[in-house]
Asker: 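Pasting a structure below so you can have a look.
So you know, we letter chains A, B, ... as the sequences are listed, proteins then strands, and number each from 1. The structure displayed is predicted, hence computed values, not measured ones.
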Number of protein chains: 2
Amino acid sequence: MANVSIRDVARHAGVSVGTVSNVLNRPDAVSPDSVTKVQAAIEALGYVRNEAARKLRAGVSATVGFVVLDGQNPFYYDVIRGAEDEASRHGIAILYGATDEDVKRERVYLDLFEEQQVRGLLIAPYGDVNRRLERLRERGIGAVLVDRFSGENKFSSVSVDNVAGGRMAVEHLVATGRRRIAFVGGPFEMRQATDRLAGARVAAEGAEVPVDLEVIATAAMGVADGAAAGERILRRRAAERPDAVFAVNDLVALGLLQSLVGDRRVMVPEEIAIIGFDDISFAAAAAVPLSSMRQPSKVIGMTALRVLLEEAADPDLIPRQTVFQPELVVRRSTDPHR
Amino acid sequence: MANVSIRDVARHAGVSVGTVSNVLNRPDAVSPDSVTKVQAAIEALGYVRNEAARKLRAGVSATVGFVVLDGQNPFYYDVIRGAEDEASRHGIAILYGATDEDVKRERVYLDLFEEQQVRGLLIAPYGDVNRRLERLRERGIGAVLVDRFSGENKFSSVSVDNVAGGRMAVEHLVATGRRRIAFVGGPFEMRQATDRLAGARVAAEGAEVPVDLEVIATAAMGVADGAAAGERILRRRAAERPDAVFAVNDLVALGLLQSLVGDRRVMVPEEIAIIGFDDISFAAAAAVPLSSMRQPSKVIGMTALRVLLEEAADPDLIPRQTVFQPELVVRRSTDPHR
DNA sequence: TGAACGTCATGAAACGTTTCAAGCGCGTTC
DNA sequence: GAACGCGCTTGAAACGTTTCATGACGTTCA
């Protein structure tokens with residue numbers, strides 16, 4: 001009862017299994033007559049293709065793995081949604097794994113996805129996965145790095161220009177009159193952090209006025225880390241506090257905001273301006289609406305999936321790095337200094 | 001080069017394929033000697049099990065589908081993370097699909113997952129999927145409803161007691177001195193909304209003082225819907241505004257908060273108190289830290305997956321409804337009335 | 001008229017695994 | 001010493017699909 005196979009469909013339609021398969025996969029190689037008969041049979045029997053058998057025989061998989069570094073960050077959910085949109089257009093499902101900056105889990109997921117023989121892998125990596133990814137590629141599973149530029153050009157990547165973003169953020173702070181700027185973020189094993197900081201340095205050094213840039217390191221990139229950094233700033237005497245903060249991402253910025261204005265000890269943006277990165281949807285809804293560097297997150301996901309599929313279809317393509325430009329979104333948290 | 005099969009392992013270890021399979025699946029039915037030989041061969045050749053073939057033959061799948069209604073709501077991220085934790089413990093991967101309250105997409109994903117022959121389905125439904133789910137069950141694919149009590153007892157579900165949550169929220173508002181309370185939420189096709197409202201009514205009617213409860217309906221449950229509702233409240237004369245709002249979830253509450261305090265027109269909690277539902281991590285980081293009804297989201301995900309696996313193992317289990325109690329989390333947005 | 005060709009349909013082989021009946025070797029029991 | 005049981009291994013069958021060599025049939029062209 002339960003399982004209708006292609007054989008049943010063939011019998012019901014009065015054709016061979018080969019023909020049914022062709023109707024499913026290359027309808028043009030089949031007479032219109034057969035197509036209608038087969039489709040009627042499929043309808044009548046409620047046939048659903050068995051993806052496992054298809055994968056086994058054809059070696060082509062209808063799943064793609066997505067490994068995300070930081071399952072707390074809404075930014076990645078937008079990326080996934082972009083990838084999903086594109087995937088469902090191709091009849092492809094997404095296997096999802098959040099690793100929470102845990103290298104061991106990252107490996108578990110890669111193993112799992114390898115067994116599943118995914119068509120390819122989208123990965124926002126934390127650990128050093130290059131070796132692992134190369135091994136997967138030997139097995140025919142390609143990968144596209146998301147939100148991280150692939151240094152050695154071994155893999156394609158889709159990301160945003162973090163250096164430019166950092167530069168633009170600090171230029172904006174300088175343009176609104178700030179001179180003592182703190183970069184809050186970390187850990188610096190993460191390219192996102194180092195690149196954004198590098199951009200910030202460029203802007204600080206290139207400014208026409210003298211600008212101080214200090215670095216306040218955080219252990220991770222969550223709300224709690226931002227709040228902790230805020231506490232550290234609050235412990236200083238007012239004169240020694242920065243007059244603006246560039247946070248490595250919006251979560252950190254929100255944490256900062258919360259601790260700074262929470263006890264109404266510091267006015268934002270009057271005493272300290274804050275700008276974040278990512279422009280997650282909560283940035284606009286924050287206590288003080290948060291300025292941020294917007295990433296085209298859905299487009300990143302969509303593009304990454306598209307690149308992945310293209311490379312899976314033609315493994316000889318050389319890796320390419322797609323880099324989008326971030327966009328400055330100004331809100332109240334960086335209102336100009338009076 | 002690329003693909004090492006069980007046959008290659010068998011040859012390399014000097015045993016039969018059957019033995020290799022047994023080492024993989026029931027090591028106790030095999031002599032220790034064979035086990036070590038086979039494991040050595042697996043190691044040497046870098047063998048990885050082909051999940052497609054396994055699924056085809058054994059009919060048992062190592063994937064579970066998770067269909068989420070509202071990909072914007074961080075609450076579901078936590079649910080997924082709970083499910084993931086449990087899944088990876090069983091070597092199971094999660095196929096993820098966010099439908100964004102789009103009935104058509106919901107169907108697309110169900111189709112996709114049916115082709116993939118997932119072991120089962122976790123679903124936070126939007127549309128009326130009961131018929132579809134029953135058909136899937138006939139095919140051997142069970143489902144567990146997440147975050148929604150299954151009315152007719154046809155499927156197991158894991159959710160939170162929304163009626164109790166609504167009651168507790170309004171009781172809290174009344175206890176802190178509010179008397180003119182608005183429920184902001186919708187659409188009322190969604191059980192979450194109707195149940196929370198029902199609970200609110202119980203509290204309002206059971207209060208020892210007269211309490212007004214009005215309903216401000218929203219089209220959906222996102223930040224924008226909350227902000228729109230806030231605008232409507234702002235258009236009223238001050239005397240006609242509620243003195244407290246119970247929002248159907250935190251996103252709506254954040255939107256409300258943003259529009260109410262955004263232009264500093266209304267003081268929260270002094271003029272209007274706000275309480276939300278879910279206790280997403282941004283609730284604590286809001287402009288005015290938000291009181292909320294906390295759901296044990298990770299536990300919900302974990303439990304749902306566990307129930308799903310149990311039912312997949314033994315299809316004769318009767319459906320069971322697991323209901324957790326929400327917990328009141330008090331923050332500044334409902335500071336007592338003076 | 002016959003060769004050549006194009007269009008379709010056919011059915012068996014193959015993908016890599018699990019399962020299972022059968023068999024082997026060896027020790028134990030009557 | 002035959003019969004039996006036990007622990008383990010074996011190899012072929014089966015899962016449902018795609019692929020591909022083969023061939024049937026009809027049309028075109030020299």
Asker: Please enumerate all residues that pass side-chain hydrogen bond (donor to acceptor under 3.5 Å, both in side chains) together with A:R320, with sequence neighbours excluded.
Answerer: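 Scan of A:R320 (side-chain hydrogen bond (donor to acceptor under 3.5 Å, both in side chains), adjacent residues dropped) gives A:E310.
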Asker: Taking the nucleotide of DNA chain D with the closest heavy atom to each, which residue, B:S16 or B:A53, is nearer the 5' end?
Answerer: B:S16
Asker: Does the pair B:E134/B:R131 count as a salt bridge with the N-to-O cut at 4.0 Å?
Answerer: no
Asker: Hey, does B:S21 reach any base, or is it just sugar-phosphate, or nothing, if we go heavy atoms under 4.0 Å?
Answerer: base
Asker: How would you list, by chain and number, every residue that makes a side chain to side chain contact (heavy atoms under 4.5 Å, CB included) with B:A87, sequence neighbours excluded?
Answerer: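 With sequence neighbours excluded, B:A87 shows a side chain to side chain contact (heavy atoms under 4.5 Å, CB included) to B:I92, B:I94, B:L305, given in chain and number order.
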Asker: Is there a donor in the side chain of B:E311 and an acceptor in the side chain of B:S156, or the other way round, less than 3.5 Å apart?
Answerer: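 A donor-acceptor contact under 3.5 Å links the two side chains.
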Asker: Start with the C-alpha gap between B:R105 and A:E84, add the side-chain angles, then the distance that decides, and say whether salt bridge (Lys or Arg N to Asp or Glu O under 4.0 Å) holds.
Answerer: CA-CA 11 Å; B:R105 272 182 79 107; A:E84 260 192 275; 3.6 Å; yes
Asker: Students often get this wrong, so: under 4.0 angstrom with heavy atoms, is A:T19 touching a base, only sugar-phosphate, or nothing?
Answerer: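 A:T19: base contact, heavy atoms under 4.0 Å.
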Asker: Compute the bend angle of the helix from C:dT1-D:dA30 to C:dC30-D:dG1 from the end axes (five pairs per end), rounded to 10°.
Answerer: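 For the helix from C:dT1-D:dA30 to C:dC30-D:dG1, the axes at opposite ends meet at about 50°.
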Asker: Return the residues of residues 39-47 of chain A meeting this criterion: a heavy atom under 4.0 Å from some atom of DNA chain C. Order them by number, or give none.
Answerer: none
Asker: With no hydrogens and no angle check, is any side-chain donor or acceptor of A:T63 less than 3.5 Å from a backbone partner on A:L95?
Answerer: no
Asker: Hey, does the side chain of B:D102 reach the backbone of B:T99 with a donor-acceptor pair shorter than 3.5 angstrom?
Answerer: no
Asker: Short of 4.0 Å, heavy atom to strand atom, which residues of residues 24-35 of chain B count as contacting DNA chain C?
Answerer: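 Within residues 24-35 of chain B, the residues near DNA chain C are B:N25, B:R26.
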Asker: Is the charged tip of B:R137 near the ring of B:F155: under 6.0 Å from the six-membered ring centre and within 45° of its axis?
Answerer: yes
Asker: How far apart are the closest heavy atoms of A:V17 and A:R7, and which atoms are they?
Answerer: CG1-CA, 3.8 Å
Asker: Using a cut-off of 4.0 Å on non-hydrogen atoms, how would the nucleic acid contact of B:R7 be classed: base, sugar-phosphate, or nothing?
Answerer: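 The residue B:R7 makes base contact.
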Asker: Would you grab the first and last nucleotide of DNA chain C (5' to 3') that comes under 4.0 Å of any non-hydrogen atom in chain A?
Answerer: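 Contacts span C:dC8 to C:dG16, reading 5' to 3'.
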Asker: Charged N to carboxylate O under 4.0 angstrom, A:R135 versus A:E114?
Answerer: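 Yes.
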Asker: Measure the acute angle between the ring planes of A:Y77 and B:Y77, then classify it against the limits of 30° and 60° as parallel, tilted or perpendicular.
Answerer: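 Parallel: the ring planes of A:Y77 and B:Y77 meet at under 30°.
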Asker: Does A:Y76 form a side chain to side chain contact (heavy atoms under 4.5 Å, CB included) with A:D70? I'd like the steps, not just the answer.
Answerer: CA-CA 8 Å; A:Y76 287 108; A:D70 177 3; 4.1 Å; yes
Asker: Assess the residue pair B:D111 and B:R132 against the criterion (salt bridge (Lys or Arg N to Asp or Glu O under 4.0 Å)); give the C-alpha distance rounded to whole Å, side-chain angles, the decisive distance to 0.1 Å, and a yes or no.
Answerer: CA-CA 10 Å; B:D111 285 344; B:R132 193 73 171 68; 2.2 Å; yes
